[in-house]
Number of protein chains: 2
Amino acid sequence: MTYENMFSALGDSTRRQVFEAVADRPRAVGDLAADLPVSRPAVSQHLKVLSDAGLVVCRAEGTRRIYAARPEGLAELRTWLERYWSDALESFAAEVNKGRDA
Amino acid sequence: MTYENMFSALGDSTRRQVFEAVADRPRAVGDLAADLPVSRPAVSQHLKVLSDAGLVVCRAEGTRRIYAARPEGLAELRTWLERYWSDALESFAAEVNKGRDA
DNA sequence: ACTTACCGTAGGTCATGACTTACGAAAATA
DNA sequence: TATTTTCGTAAGTCATGACCTACGGTAAGT
């Protein structure tokens, strides 16, 4: 939901792998854990963090829970990025000029 | 440098404030600390993390160190974002169709 | 040379979080 | 109903990291 949650969620390597996997295609928890070096409960916890951050959504299919990436989540990240990217460009250009003076 | 470093760097609230401040305009360490609720050494440590992540650069001006945002850093983040955003769009569309079947 | 301003790093404390095993709940199956 | 499958959560361990104070080092001013 917040930038805080999103960035810190994607800041963990294992958790980013989980996200990238479900972004590739929706998967169940057990399937995700099978392709990762951590236990299934660990994957569950990572998915909860990603879900709280608004980066994934969940759908029940029998006893299985199918997780999928949530595009709106990345869209929010993109909003932040676009803003500070233009800021960074301007301030960096000014910095280069300052450097020329000195 | 790596996505790992970038996301985890921006995942901390205080550190993201530091980055946003220098993105607005280049600043010295003491000036940054004056506007933040943490000590100056803490700001120094955050700047080191941001620097290792390739998100900021530094320039000496007398005893002062002027830090500025590094646009190429955000550009890398954008590359990641664009890729997984399109992935997420496709997988999410497929997910919606699956949901319709069930 | 001495003092002042500004900064990075070392060392230590404390909270956060990533991971594990154990357990309980819900749905399909027989 | 009993069993199996799949999953989330609780409880505990251990490493990471965010923060502080103290210290040392460099550049400018007197």
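Reminder, nothing fancy here: chain letters follow the sequence lines and each chain counts from 1. Computed from a prediction, not measured in an experiment: that's the story for all the values here. Computed from heavy atoms alone, side chains included, the values below leave out hydrogens, waters and symmetry copies.
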Using whole Å, what does the distance between atom P of nucleotide D/dG8 and atom CG of A/L32 come to?
10 Å

Mutual orientation of the aromatic rings belonging to A/F7 and B/F7 [parallel < 30°, tilted 30-60°, perpendicular > 60°]
tilted

What's the CG-P distance between B/L36 and C/dC7, to the nearest Å?
13 Å

Grab the CG-P distance between A/D12 and C/dT16 for me, whole Å please.
17 Å

B/F7 CZ - C/dA18 C1' separation (whole Å):
19 Å

Here the distance between atom P of D/dA18 and atom CG of B/D52, to the nearest Å, is 13 Å

Is there a side-chain contact between A/Y67 and the phosphate of D/dG8, meaning an N or O under 4.0 Å from OP1 or OP2?
yes

Nucleotide D/dA27, atom C1' - distance to CD1 of B/I66 in whole Å:
14 Å

Expected output: side-chain B/R16 to main-chain B/L10 donor-acceptor under 3.5 Å:
yes

Considering only heavy side-chain atoms of A/T63, the closest of D/dG8, C/dG8, C/dA26 is C/dA26

Any sub-3.5 Å donor-acceptor pair from B/R59's side-chain atoms to B/I66's backbone N or O?
no

Any B/R15 side-chain heavy atom under 4.5 Å of B/Q45 side chain
no

Within a strict 4.5 Å, meaning less than it, do heavy atoms of the A/L32 and A/H46 side chains meet?
no

Would you say that B/V18 contacts B/Y67 through its side chain, given a criterion of any heavy-atom pair below 4.5 Å between the two side chains?
no

Please tell me if the side chains of A/R64 and A/D31 come closer than 4.5 Å, counting only heavy atoms from C-beta onward.
yes

Once you apply a heavy-atom cut-off of 4.0 Å, does A/A60 come out as touching a base, just sugar-phosphate, or nothing?
nothing

Pull out every residue in residues 37-48 of chain A that has a heavy atom closer than 4.0 Å to any atom of DNA chain C, ordered by number, or say none.
A/V38, A/S39, A/P41, A/A42, A/Q45, A/H46

Want to settle it: does A/T14 or B/R64 sit nearer the 5' end of DNA chain C, counting the closest nucleotide to each?
B/R64

Euclidean distance, atom CG of residue A/N5 to atom P of C/dT16 [Å, nearest integer]:
15 Å

Tell me the interatomic distance from B/L50, atom CG, to D/dG17, atom C1', rounded to whole angstroms.
14 Å

